[in-house]
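Notes for the one structure printed next.
Letters go in sequence order (proteins before strands), and every chain restarts at 1.
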2 protein chains.
Amino acid sequence: MAHNHEEILCKVRHELPTDELLCDLADLFKVFGDTTRMKILYSLFESEMCVCAIAELLGMTQSAISHQLKVLKNANLVANRREGKTIYYFLADEHVRTIVAQGFEHLIEKHHDNRIGVIEK
Amino acid sequence: MAHNHEEILCKVRHELPTDELLCDLADLFKVFGDTTRMKILYSLFESEMCVCAIAELLGMTQSAISHQLKVLKNANLVANRREGKTIYYFLADEHVRTIVAQGFEHLIEKHHDNRIGVIEK
DNA sequence: CCAATATATGCACCACCGTTCATATGTATT
DNA sequence: AATACATATGAACGGTGGTGCATATATTGG
């Protein structure tokens, strides 16, 4: 903290959301930040699915999928309905699609930038 | 894998992106999934800032901030420019704002749902 | 009510990640 | 060239989180 930046600090400080909100935001994105959960979400883009179907699709334990579905549900990204013994999971709302789509766009854009060779520094 | 779901598995399997893409997507969101990095991004929403300013703003070590800035830069979320001894970081593009904004909307919507009491199950 | 199926959960292991400390690199000033 | 300032980096420590195993819960059929 040698050179001074009082002006900027004051300005930014007042615009920053509360720690709680920032933490909640990070926690939300943390849910998207796992390959297994991302695969589950993408699967549900197509249609609702039961737990064992997802497990078979991803070649993983039913337990692992169940654990991750719980995380997704806690974040309000998926919901479920029961039909006899089986429980079907589906996307909770359209935010999931938009958020993932935005991430996707960022990826391909940056990937394209790297291919055509953006001048760095 | 007791009851059968051949139809759904075949259908979804063909629509799923490659493992590499899904992994890249998860890795991207992983970057958003940390409170410190989220604070840094939100700070840069207002204006570009140098490393020590961010460190002072967040009350954290210069080293910690530097490490996180590297993560953000590797994900192409921020970029920097040098001006003498100090290095200013800024948002790399507008995707950052849109992605965070979408997450924000999801949060407040779900929070509102909980307040008015959505009938669950 | 017991067996079978579908899912959920608690626990433990392991890997990964964020922080700090110490130090290195880079830049300007004198 | 030497010093001071701004930032970067490497190693290590501690905590968190994803997975599998074993087991519990729930629903249906006989």
- Message: Quiz question: going by heavy-atom distance under 3.5 Å, is there a donor-acceptor pair between the base of D:dG10 and the side chain of B:His67?
- Response: yes

- Query: Quick one: is D:dG20 close enough that its OP1 or OP2 comes under 4.0 Å of any side-chain N or O from A:Thr61?
  - Reply: yes

- Task: Select base, sugar-phosphate, or nothing to describe what A:Ala64 touches, counting heavy atoms under 4.0 Å on all strands.
- Result: sugar-phosphate

- Query: Across the strands shown, which category fits A:Thr86 at heavy-atom distances under 4.0 angstrom: base, sugar-phosphate, nothing?
  - Reply: sugar-phosphate

- 5'-most contact on DNA chain D: A:Gly59 or B:Ser66, nearest heavy atom basis? B:Ser66

- Does C:dA8 have OP1 or OP2 sitting under 4.0 Å from an N or O in the side chain of A:Lys70? no

- With distance as the sole criterion, do the side chain of B:Gln62 and the base of D:dA8 form a donor-acceptor contact below 3.5 Å? yes

- Note on the structure: Of D:dG18, C:dG18, C:dT7, the nucleotide closest to the side chain of B:Asp34 is C:dG18

- Message: It should be established whether B:Arg82 places a side-chain nitrogen or oxygen under 4.0 Å from OP1 or OP2 of nucleotide D:dA6.
- Response: no

- Does a distance-only test, which skips hydrogens and angles, find a donor-acceptor pair under 3.5 Å between the side chain of B:Ser63 and the base of D:dT9? yes

- Can you tell me the distance, in whole Å, between the CD1 atom of B:Ile40 and the C1' atom of C:dG18? 12 Å

- Item | B:Asn74 CG to C:dC17 P, straight-line distance once rounded to whole Å | 13 Å

- With a non-hydrogen cut-off below 4.0 angstrom, is B:Tyr89 in contact with a base, only sugar-phosphate, or nothing? sugar-phosphate

- Task: Ignoring backbone atoms, establish whether B:Lys85 has a side-chain N or O less than 4.0 Å from OP1 or OP2 of D:dT7.
- Result: no

- Message: Please determine whether the number of non-hydrogen atoms from other residues, nucleotides or ligands lying under 6.0 Å from atom CD of B:Glu7 exceeds 12.
- Response: yes

